[in-house]
There are 2 protein chains.
Amino acid sequence: MDDDDHRTGATAETTTLADVARAAGVSVATASKALNGRAHVSARSREAVLAAAAALSFTPNPFARALNRASTNTIGMLTSDLDNRFVLPILLGAEDAFGAGSLSVLLADARDSALREQLQLQSLLTRRVDGVLVVGRTTNPRPPMQAKPDVPVVYVYAPSTDEQDLSFEPDNELAGRIAVEHLVAAGRRRIAIVNGEDTYAAARDRLRGAAAAMEDHGLELVGNPGLVFGAWDESWGRQAAGRLLAAHPDVDAVVAGSDHIARGVMDAVRESGRRIPDDVAVVGFDNWDILVEGARPHLTSVDMNLQELGRLAAEALVESIEGRVRRGRIRNPVRLVARGSSGADS
Amino acid sequence: MDDDDHRTGATAETTTLADVARAAGVSVATASKALNGRAHVSARSREAVLAAAAALSFTPNPFARALNRASTNTIGMLTSDLDNRFVLPILLGAEDAFGAGSLSVLLADARDSALREQLQLQSLLTRRVDGVLVVGRTTNPRPPMQAKPDVPVVYVYAPSTDEQDLSFEPDNELAGRIAVEHLVAAGRRRIAIVNGEDTYAAARDRLRGAAAAMEDHGLELVGNPGLVFGAWDESWGRQAAGRLLAAHPDVDAVVAGSDHIARGVMDAVRESGRRIPDDVAVVGFDNWDILVEGARPHLTSVDMNLQELGRLAAEALVESIEGRVRRGRIRNPVRLVARGSSGADS
DNA sequence: CTGAAAGCGCTTACAG
DNA sequence: CTGAAAGCGCTTACAG
């Protein structure tokens, strides 16, 4: 049925190693060695082959190659749930790193199902990927994948629960810490937190970091921060901040669990008749442009460096494939971007 | 250097067609035919082979297969710029469609560079993808890719300028139209538009649709809509709406070029002392949850159905690969989601 | 250094 | 219906 296609497309037009060898006046064996930079080839032959290959714009058939090599120059990127905005910068960073090394990326998404994740992994392994990058949906630790022992796996965002695996996650404890440090440096002392969902490690880690930083300065978070977990949205921020200001009118800064929450907090602060940042400073997490720049004043926020995280994880995967194996949970630094909501210019 | 890996991983453990054939007591030729559902195999042999394959959990080596077939069961997804939130739902829809057909997806990103796009395409073609899905960054028409004639290409979001190509885009004109229809149905007559950047086809198309719908009702957009292009952000929305309300105090509805712009518009409307939706109704585009649900009242918005768009494009690509070729620009329907900002409940 | 030959794992005419 | 054989395009010992 597709006989025609077969002739025209695949067979006829493609130039093969044999063509190159013929043009260079050598055997396919030497042509192969020359192209792959192997030893035992005279400079003369090597040049002839390279020239011929260039002239014919030869690209080796990756399938024939894969049939004879351990590696396929393909890696698998397995996302838990593509429908998640945190995944995009991570993908971007990873794609960047892989692309630089001329690795191809097979994308597979688990649509937030453990069963489907296993199937997708099998599919990737069937394609003989050299390694797999597992991109989580949250930073909550997740059970390790059941890959083949000779196929390295690196986890990003959601770390593996197995410490023998290699995982990359943003340093959420540091994030909480630098949010507080920034506020303290700006002269704030009555600092409270309006957190995200307590089922998220990110929320708990940030709280821990914030509390530790306060303690370092001989301070304490206002209210009972262990109780201020809620949802990841504006309306929770509004509601919690309203309650907070009523109970503790002297609060002079709020660390919000996310930029989204921060927007709600800012609304509530304003509605209480207080000014931002004069009376109350606000800091968020994620540094999400759309929220941060839409806020008035612009929102100070902690950037989780997700693109860098993706790139680092990808590079580590490449290293693992090359035999330089690392283990453990890497917590990648984050950085605070100061803006008007905490008294910086802009 | 990786001799060990080679032995352990690739060679030793993998079960091959020969193993299956042996277990089934047939030749590899019949085993192959049976597994591929070809004719000229007795029911008896077929069953034996299938059973053996299952017992040995045989998965055919995709590279050996690709060496003998025209197709590789791999498609390329070439994004213009992954760093773009519109791309995510499209990817998701496409991945869904491809995954269902057991096609693998190679992801390549052009990082918004035409040169890099060409290189990535070459890389995909070298991998012998069966087809390529080109995902644009805007809905502005773009020059066609220089692919090989036997490798189908389908464009999503950004259509190809070549009408002989197959492209899928959201119907932006319809989007403008239904925004107006909705407002008119809600009793509004003095409707104005605060648009996005005029370099975007999406902005121009929506305006055209909105104007046409007004005309259908014997109405006209308030102000000079041709002049109300600006930026895709909140502050432009705020500024333009402020100006608009000053010049035309009787405006009773605003169509905003995006949800983001709409948020700015809503702020300005409120600041002018008007109520939403009582005095002024507002409609946005994109139906972006985070903006739409963060607004007070919730923002009525036109959903561009991007996930569906991705799925449709992917399915069309599969059809093209199978020989059922379509051409032209498909404008996919969009839908309005009514919320509080235009008087609906919630 | 060089090349003939075997082999990677599969598919597909082609004889039986 | 069945299987021996050739072939897909490359790589890699192994002799020269």
Q) OP1 or OP2 of D/dT2 less than 4.0 angstrom from a side-chain nitrogen or oxygen of B/Thr30, does that happen here? A) no
(Q) Under 4.0 Å from OP1 or OP2 of C/dC1: is there any side-chain N or O of A/Ser45 that close? (A) no
Q. Considering the options B/Asn36, B/Thr72, B/Asn73, which one meets the side chain to side chain donor-acceptor pair (under 3.5 Å) requirement together with B/Arg65?
A. B/Asn36
Q) Nearest-Å distance, CZ (A/Arg128) to P (C/dC10)? A) 8 Å
Q) What residue among A/Arg331, A/Arg142, A/Arg329 forms side-chain contact (heavy atoms from CB on, under 4.5 Å) with A/Ser167? A) A/Arg329
(Q) Whether A/Thr16 contacts D/dC10 is assessed here as follows: a side-chain N or O lying under 4.0 Å from the phosphate OP1 or OP2. Is that the case? (A) yes
Q) Just by distance, with hydrogens left out, do B/Ser123 and B/Thr126 show a side-chain donor and acceptor under 3.5 Å apart? A) no
Q. Is there a donor in the side chain of B/Ser104 and an acceptor in the side chain of A/Arg127, or the other way round, less than 3.5 Å apart?
A. yes
Q) Quick one: B/Arg46 CZ to D/dT2 C1', roughly how many Å, whole number? A) 13 Å
Q) Taking the side chain of A/Lys33 as its heavy atoms from C-beta onward, which of D/dC10, C/dT11, C/dT2 lies nearest to it? A) C/dT2
Q.
By nearest heavy atom, map B/Leu67 and A/Val28 onto DNA chain C; which one lands nearer the 5' end?
A. A/Val28
Q: Mind calculating the distance between CZ (A/Phe63) and C1' (C/dT11) to the nearest angstrom?
A: 15 Å
Q | Protein-nucleotide distance (B/Leu35, atom CG; C/dT12, atom P), rounded to Å | A | 13 Å
Q) C/dT11, D/dC10, D/dT2: which one has an atom nearest the side-chain heavy atoms of A/Ala64? A) D/dC10
Q.
Does either side chain, that of A/Glu308 or that of A/Asn332, offer a donor lying less than 3.5 Å from an acceptor on the other one?
A. yes
Q) Does the A/Asp109 side chain pair with the main chain of A/Leu82, one donor and one acceptor, at a distance under 3.5 Å? A) yes
Q: Would you mind classifying the nucleic acid contact of A/Arg38 as base, sugar-phosphate or nothing, using non-hydrogen atoms under 4.0 angstrom?
A: sugar-phosphate
Q) If you check the B/Ala29 side chain, which of C/dT2, C/dC10, D/dA4 turns out closest? A) D/dA4
(Q) Between P on D/dG9 and CZ on B/Arg127, what's the gap in Å once rounded to a whole number? (A) 18 Å
Q. Across all strands, who's sitting opposite D/dC1 as a Watson-Crick or G-U wobble pair, both distances under 3.5 Å?
A. C/dG16
**Q.** Side-chain N,O (A/Ser32) to OP1/OP2 (D/dC10) below 4.0 Å
**A.** no
Q: Can you tell me the distance, in whole Å, between the NE2 atom of B/His40 and the P atom of C/dC14?
A: 13 Å
Q) Counting side-chain heavy atoms from C-beta on, which of D/dG7, D/dT12, C/dC1 comes nearest to B/Asn68? A) D/dG7
Q | OP1 or OP2 of D/dC10 under 4.0 Å from side-chain N/O of A/Arg69 | A | no
Q: Specify the residue among A/Ala18 and B/Val41 whose closest nucleotide of DNA chain D lies further upstream toward the 5′ end.
A: B/Val41
Q: Rounded off to whole Å, could you give me the CG-to-C1' distance for the A/Asn61 and D/dC8 pair?
A: 8 Å
**Q.** Between P of D/dC8 and CG of B/Leu17, the distance in whole Å
**A.** 19 Å
Q: Ignoring the backbone of A/Ser42, work out which of D/dT2, C/dC1, D/dT11 is nearest its side chain.
A: C/dC1
